[in-house]
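For ligands, and for the atoms within them, numbers begin at 1 and follow the listed sequence.
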Amino acid sequence: MFIVLGVTGGIAAYKSVMLARAFVEAGHDVHVVPTEDALRFVGTPTWEAISRNPVTTSVHDDVPEVRHVALGQRADLVVVAPATANTLARMTAGLADDLLGTTLLATRAPVLVAPAMHTEMWEHPSTVHNIAVLRDRGVHVIGPESGRLTGTDSGPGRMTEPDGIAQAAFALLGDAPQHTAGTTDPGPATTPLPAADAGETRAILDLDGISMLVSAGGTREPIDPVRFIGNRSSGRQGVAIALAAADRGADVTLFAANIDESILAAADAHPGIVIVHVSSAADLEHEISVRADGADVIVMTAAVSDYRVDGTSDQKIRKEDHPDEAPTLHLVQNPDILKGLATDRWPGQTIIGFAAETAESTEELLERGRRKRARKGVDLLAVNEVGWSSGFEQEQNTLHLIDAHDDVLRTVTGTKRQAAEGLLDTILRVRAR
Ligand code: CTP
């Protein structure tokens with residue numbers, strides 16, 4: 001296969017030498033396209049020796065061969081590792097003032113990027129936006145991981161190790177429509193792939209063979225035929241997890257508790273997702289418990305009412321029936337579904353809970369999260385902060401992922417899709433232990 005390896009100007013460029021070697025050793029035809037900046041970190045002779053192909057950065061080399069578009073047209077896969085914040089911004093804008101830029105615009109092959117940068121840059125709204133746009137276009141993003149960064153700081157921003165990037169690349173090659181190098185006319189380079197196609201054909205199938213149950217939305221506890229006790233959960237985060245997992249190859253059952261049809265539409269159309277509609281906590285408990293044994297992973301994002309009304313009225317409660325005083329609702333506690341699933345889980349099954357908490361500080365938020373994780377006995381608890389005007393019905397989210405050792409394995413900030421991808425990466429990490 002014809003692999004283009006774009007290398008951009010970050011210290012992690014040295015690790016991409018190992019990545020190029022892994023591609024060559026697997027028998028692929030590797031063409032390294034460094035940016036000018038990348039050559040400050042690793043020079044042309046190293047790339048040429050490792051890839052066994054000539055290396056240029058300029059669109060003015062090999063003009064008779066139209067190299068500035070030929071590489072992109074011939075590629076079966078383009079990998080950009082490391083991808084700096086600047087490169088992600090340039091990709092988003094479609095800038096093409098060097099060979100990597102033109103190659104990325106001219107290709108219709110799958111594109112995999114491995115971001116590497118300082119945490120502040122990764123979490124900056126510009127980068128968050130750029131990553132979301134690139135993902136929407138079907139670009140695959142691997143990492144970054146949390147860990148030691150250049151200098152003394154640490155946090156999310158470290159490039160995924162070459163081995164992990166190579167595995168993701170091989171998975172894409174197995175899945176992607178394959179061109180024979182140099183013989184296929186990929187059509188006009190400017191024709192964009194439809195977003196749905198890009199999502200379906202370009203996924204890294206690292207959850208292939210995994211059966212996953214995801215609950216989403218908020219339960220409703222009936223008071224009478226026309227009223228209920230509910231909550232503000234829209235279901236967006238759970239639906240994003242179901243979609244991301246199904247795109248990555250999982251068989252997903254989505255338990256949808258009172259989710260708006262417009263939010264559910266994409267999941268409804270996805271061949272990898274079965275939707276089970278539920279309303280109350282009792283419905284959810286029944287539907288999920290009958291399927292729990294067959295699941296490898298259970299993610300409970302649904303906001304479950306802790307209480308239900310004792311003795312629901314079959315008739316509408318009317319004011320004229322209570323002329324003198326307001327009626328009193330007697331509540332009884334619902335079972336804790338998540339705790340029950342965690343208690344009954346089989347070895348190898350991974351149970352993930354969610355907690356939307358109000359807190360005065362991040363420390364308090366994490367402390368509450370740690371206590372709740374222990375109470376529920378789950379493998380991972382995703383904690384997010386909510387308030388009157390934050391956390392609900394929004395496209396952005398921040399999740400702190402707390403594991404069974406009380407460690408915050410990762411904090412993911414971004415769109416709900418980005419948060420979902422980060423959660424799935426972390427679930428794989430927990431399962432690999
Ligand atoms: N959950 C559940 N069953 C319940 C309540 C909650 O399965 N009866 C699950 C939710 O789906 C979520 C996690 O437990 O994954 C945490 O929900 P939360 O409402 O924060 O937990 P509670 O135990 O109700 O704690 P709190 O008293 O803070 O509301």
- Query: Which residue supplies the protein heavy atom nearest to atom 9 (C) of ligand 1, what is that atom called, and how far is it?
  - Reply: Leu338 CB, 3.7 Å
- Examine the proximity of ligand 1 to Lys376 and report which part, side chain or backbone, both or neither, has a heavy atom under 4.0 Å away. side chain
- Query: So, for atom 28 (O) of ligand 1, does the protein have a heavy atom nearer than 4.0 Å?
  - Reply: yes
- Would you mind telling me which of Asp98, Thr84, Thr8 makes a side chain to side chain donor-acceptor pair (under 3.5 Å) with Arg90? Asp98
- Message: Nearest 0.5 Å, please: how far is CE in Met117 from CD1 in Ile11?
- Response: 15.0 Å
- Per-atom contacts of ligand 1 with Pro335, taking only distances under 4.0 Å to non-hydrogen atoms: 3 (N), 4 (C), 8 (N)
- Query: Which bit of Ala303 gets closer than 4.0 Å to ligand 1, counting heavy atoms only: side chain, backbone, both or neither?
  - Reply: neither
- Do Leu428 and Thr426 have side-chain heavy atoms sitting under 4.5 Å apart? no
- Task: Say whether Lys372 and ligand 1 are in contact under the criterion: heavy-atom distance to a ligand atom below 4.0 Å.
- Result: yes
- Message: Give me the residue, atom name and distance of the protein heavy atom closest to atom 3 (N) of ligand 1.
- Response: Ile337 N, 3.1 Å
- Task: Do me a favour and list the nearest non-hydrogen protein atom to atom 17 (O) of ligand 1 with residue, atom name and distance?
- Result: Phe354 O, 3.7 Å
- Passing option when Ser280 is tested against Arg220, Arg308, Glu221 for side-chain contact (heavy atoms from CB on, under 4.5 Å): Glu221
- Note on the structure: ligand 1 to Met300, heavy atom cutoff 4.0 Å, flagged ligand atoms 7 (O), 11 (O), 12 (C), 15 (O)
- Note on the structure: Min over Gly353, Ala257, Ala302, Ser215 of heavy-atom distance to atom 10 (C) of ligand 1 lands on Ala302
- Salt bridge or not for Arg373 and Asp403, using N-O below 4.0 Å? no
- Is the shortest distance from a Lys or Arg side-chain nitrogen in Arg135 or Asp247 to a carboxylate oxygen in the other one below 4.0 Å? no
- Query: Would you call Asp379-Arg431 a salt bridge at under 4.0 Å N-O?
  - Reply: no
- From the options Ile288, Ile298, Val214, select the one residue that forms a side-chain contact (heavy atoms from CB on, under 4.5 Å) with Phe255. Ile288
- Message: I'd like to check which ligand 1 atoms, numbered from 1 as shown, lie under 4.0 Å from a non-hydrogen atom of Asp306.
- Response: 5 (C), 8 (N), 24 (O), 29 (O)
- For ligand 1, is there an N or O atom under 3.5 Å from any N or O atom of Ala355? no
